[in-house]
Protein chains: 2
Amino acid sequence: MTPGDDAYPRIRLYDIRKACSTCSLRELCLPVALGREDTEALDHIVERDHPLRKGDKLCRSGQPFAAIYTVLSGSLKSSTQGENGEDQIIAFHLPGELVGLDAIGAGRHHSTTEALETTSVCKIPFSRLEELSRQIPGLQHQLLRIMSKEIFDDHELLQVVARRSAEQRLAILLLNLSQRFGRRGLSRTRFRLPMSRHDLGNYLGLAPETTSRVFRRFLTQGLLSVTGKEIEFLDLPALQALTESPSAPPRSSKQG
Amino acid sequence: MTPGDDAYPRIRLYDIRKACSTCSLRELCLPVALGREDTEALDHIVERDHPLRKGDKLCRSGQPFAAIYTVLSGSLKSSTQGENGEDQIIAFHLPGELVGLDAIGAGRHHSTTEALETTSVCKIPFSRLEELSRQIPGLQHQLLRIMSKEIFDDHELLQVVARRSAEQRLAILLLNLSQRFGRRGLSRTRFRLPMSRHDLGNYLGLAPETTSRVFRRFLTQGLLSVTGKEIEFLDLPALQALTESPSAPPRSSKQG
DNA sequence: CGCAGATTTGAGTTCCATCAAGGCGTGTGG
DNA sequence: CCACACGCCTTGATGGAACTCAAATCTGCG
């Protein structure tokens with residue numbers, strides 16, 4: 001049952017790199033000048049976890065924090081819960097990305113992470129990683145670096161949710177997903193959205209109906225074609241133009 | 001000109017503790033079992049910076065990251081910039097709080113921090129702090145811990161901006177500020193807002209006019225009294241009730 | 001005292017959430 | 001292979017919250 005035993009043999013960093021060309025574990029380690037020994041040390045703390053089925057929880061809000069994860073295949077969503085049970089999705093996780101960083105240090109998860117489809121992840125026990133990072137100076141810096149990135153991403157999301165129209169929000173998210181798919185070597189213009197319209201809307205601070213309507217508008221305007229969860233960009237420049245606040249009235253900030 | 005020279009002598013951790021009873025530097029160090037030597041080591045890397053006047057920038061987006069700061073007196077706002085010059089305020093910083101954490105690791109500031117009034121801060125060169133944190137195991141963990149807190153706060157803000165009404169947003173912010181003032185030993189029910197209505201609105205994703213109108217509504221309902229930037233809570237329970245989504249229509253998430 | 005910026009107030013408009021109903025698609029059982 | 005049912009998605013109609021524009025008032029400051 002526990003990962004790391006015979007049924008779920010340890011996998012090597014080498015394998016992870018093969019499995020996922022832009023794996024965050026690579027992101028975590030690559031900029032660091034790791035010697036052969038260091039690499040092996042890292043190899044040995046990585047464990048493969050059970051594959052998750054759609055709806056399975058990787059971790060729940062309030063649970064003690066023990067490990068961070070990197071997505072090998074599939075996808076996940078993380079959400080925080082308001083006191084009323086209404087939740088707010090704060091991130092989607094695609095293959096090659098790290099999960100659970102917001103729990104570092106607090107010792108406890110603040111969010112619940114759930115599989116959007118059949119998903120396999122790779123577990124990195126944090127205590128061991130932290131221990132290791134004391135021995136490998138660059139690794140410690142990498143940890144801080146990645147958390148910093150997380151903060152930056154959150155700020156970008158905030159900016160989007162606080163100040164942009166529904167169309168801009170969706171366009172920005174689609175382009176963002178496009179980039180992330182592209183980085184994995186998949187098509188940047190044609191891909192499958194792993195999340196429901198509901199999740200999409202929740203993440204962007206929109207009602208699901210609005211999300212649906214915006215898709216229709218994009219379709220009508222010839223910006224993209226939508227078939228269920230499959231989408232294809234037909235007019236990338238126009239979508240990017242949307243992003244740059246073409247119709248966005250300059251709110252707040254400064255208005256002379 | 002450079003801080004740390006004779007004109008601005010180094011100040012000691014001891015002084016900082018006196019200057020600010022809930023200083024984040026304490027927050028940073030206190031949970032760590034610091035010996036006398038460690039404490040002195042920290043003392044020596046802390047510098048007092050120039051006092052800032054209203055509107056002065058502590059750091060700008062894009063600048064190389066060199067230090068984190070802790071607020072001794074006054075207050076600051078941090079904002080990110082969209083490509084159009086419209087900015088989004090992501091945090092207000094009151095005395096005793098840390099500034100610049102989002103830049104750790106990226107080596108570059110992602111946000112611009114500006115004084116809302118005459119403000120004095122205390123500079124902690126990061127390279128030295130990092131170096132020190134390799135020698136003091138607990139300190140490293142504290143850094144991660146505090147960054148994690150930052151991420152958590154961002155998620156809370158996102159939840160507020162994405163899902164709550166204008167009244168709820170303002171109520172939540174006012175109560176939050178109340179707590180933070182209270183922690184410093186000031187009144188929790190009567191204080192001065194250091195930021196403009198404009199900034200208030202920007203932070204909450206609202207137009208300044210809306211902010212003003214919500215204040216009026218609160219006034220009319222007898223929830224608080226407002227005189228310019230001075231505010232006083234008159235009906236704390238009612239404000240807190242607002243916070244708990246009483247009139248908040250359960251949006252998105254789940255609606256049977 | 002007068003200016004500039006901040007705040008408030010008003011009127012009108014827009015965008016999006018809500019409510020409600022219908023369509024599509026997938027999985028299950030016959 | 002087909003029928004049915006459930007959930008997800010779409011579409012329509014409507015109302016309301018918040019934004020925009022515009023102007024008056026207030027505030028601080030030189």
Side-chain angles (χ1 to χ4, degrees), chain A residues 53-55 77 86 88 116-118 160-171 192-220 224-231 242 245-256, chain B residues 53-55 77 86 116-118 160-171 192-220 225-231 242 245-256:
Chain A
R53 280 161 311 182
K54 179 175 177 172
K77 65 174 177 185
E86 353 145 3
Q88 165 71 37
L116 293 168
E117 58 193 316
T118 302
V160 168
V161 168
R163 312 230 90 78
R164 327 289 286 228
S165 70
E167 297 195 353
Q168 293 186 306
R169 294 185 209 185
L170 186 56
R192 188 178 156 281
L193 296 170
M195 68 294 282
S196 69
R197 296 286 190 274
H198 183 93
D199 288 342
L200 229 34
N202 182 295
Y203 178 74
L204 297 172
L206 298 172
E209 294 96 328
T210 303
T211 313
S212 184
R213 271 184 261 266
V214 174
F215 266 121
R216 169 135 304 280
R217 249 172 281 164
F218 285 170
L219 197 63
T220 305
L224 45 79
S225 77
V226 186
T227 316
K229 294 187 188 296
E230 292 285 341
I231 73 167
L242 254 183
S245 83
S247 63
R251 281 194 211 169
S252 28
S253 79
K254 150 84 45 55
Q255 39 91 348
Chain B
R53 281 159 311 180
K54 178 174 180 175
K77 65 175 176 182
E86 356 145 2
L116 293 168
E117 58 193 314
T118 301
V160 168
V161 169
R163 313 230 89 80
R164 327 288 288 224
S165 70
E167 297 195 352
Q168 291 185 307
R169 294 184 209 184
L170 187 56
R192 188 179 156 278
L193 297 170
M195 69 294 283
S196 69
R197 296 285 190 275
H198 183 93
D199 289 341
L200 230 33
N202 181 296
Y203 177 75
L204 296 171
L206 299 172
E209 295 95 328
T210 303
T211 313
S212 183
R213 272 183 260 267
V214 173
F215 267 121
R216 168 136 304 282
R217 249 173 282 165
F218 284 171
L219 198 64
T220 305
S225 75
V226 186
T227 315
K229 294 188 185 300
E230 292 285 341
I231 73 166
L242 254 184
S245 82
S247 63
R251 282 194 210 168
S252 33
S253 78
K254 149 83 49 50
Q255 42 91 344

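Chain letters run A, B, ... following the sequence lines, proteins first and then strands; every chain starts at 1.
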Within this structure, what is the CZ-to-P distance between Phe215(A) and dC8(D), rounded to whole angstrom? 17 Å
Give the rounded distance in Å between these two atoms: CZ of Arg197(A) and P of dT11(D). 10 Å
Test your reading of the model: is there a side-chain donor-acceptor pair from Arg169(B) to the backbone of Arg164(B), 3.5 Å cut-off? yes
Find the distance Leu204(A):CG to dC15(C):C1' and express it as a whole number of Å. 16 Å
Determine: side-chain N/O of Lys229(A) to OP1/OP2 of dG25(C), distance under 4.0 Å, yes or no. no
Glu167(B) CD to dG16(D) P, straight-line distance once rounded to whole Å: 15 Å
Output all residues satisfying ring pair (Phe, Tyr, Trp, His ring centres under 6.0 Å) with Tyr203(B), sequence neighbours left out; order by chain, then residue number. Phe92(B)
Using a 3.5 Å distance criterion without hydrogens, assess whether the side chain of Arg192(A) forms a donor-acceptor pair with backbone atoms of Gly228(A). no
Mind checking side-chain hydrogen bond (donor to acceptor under 3.5 Å, both in side chains) for Arg217(B) and listing every partner two or more places apart, or none if nothing turns up? Glu167(B)
Considering every strand and a 4.0 Å limit on heavy-atom distances, what is the contact class for Lys54(B): base, sugar-phosphate, or nothing? nothing
How does protein reach along nucleotides 22-30 of chain D, written 5' to 3' as B (base within reach of a heavy atom under 4.0 Å), S (only sugar-phosphate), or - (no contact)? B--------
Separation of dC8(D) C1' from Asp199(A) CG (nearest whole Å): 12 Å
List in chain and number order the residues that pass side-chain contact (heavy atoms from CB on, under 4.5 Å) with Thr210(B), two or more places apart in sequence or in another chain; answer none if no residue qualifies. Ala166(B), Leu206(B), Ala207(B), Val214(B)
Residue set satisfying side-chain contact (heavy atoms from CB on, under 4.5 Å) with Ser196(B), at least two apart, ordered chain then number -> His198(B), Asp199(B), Lys229(B)
Atom-to-atom span, CZ of Arg217(B) to P of dT8(C) - whole angstrom: 13 Å
If you compare every side-chain N and O of Arg216(B) against the phosphate oxygens of dT8(C) (OP1, OP2), does one of them come in below 4.0 Å? no
Glu117(B): partners by side-chain hydrogen bond (donor to acceptor under 3.5 Å, both in side chains), with sequence neighbours left out: Ser75(B)
Nearest whole angstrom, please: distance from the P of dA17(C) to the CD of Glu86(A). 14 Å
Separation of atom CZ in Arg163(A) from atom C1' in dT20(D), rounded to whole Å: 14 Å
Short side-chain N/O contact to dT10(D) OP1/OP2 from Arg213(A), under 4.0 Å: no
Find out whether Thr211(A) and Leu204(A) are in side-chain contact, i.e. whether some heavy atom of one side chain is under 4.5 Å from a heavy atom of the other. no
In degrees rounded to 10°, what angle is found between the helical axes fit to the five outermost pairs at each end of the helix from dC1(C)-dG30(D) to dG30(C)-dC1(D)? 40°
Check this for me: Arg53(A), atom CZ, are more than 12 non-hydrogen atoms of other residues, nucleotides or ligands nearer than 6.0 Å? no
Residues that Arg216(A) engages under side-chain hydrogen bond (donor to acceptor under 3.5 Å, both in side chains), provided they are two or more places apart: none
Reckon Ser196(A) has a side-chain N or O less than 4.0 Å from the OP1 or OP2 of dC8(D)? no
Between Ser212(B) and dT8(C), is there a contact of a side-chain N or O with OP1 or OP2 at under 4.0 Å? yes
Proximal nucleotide (of dC16(C), dT11(D), dC19(D)) relative to the Ser165(A) side chain: dC16(C)
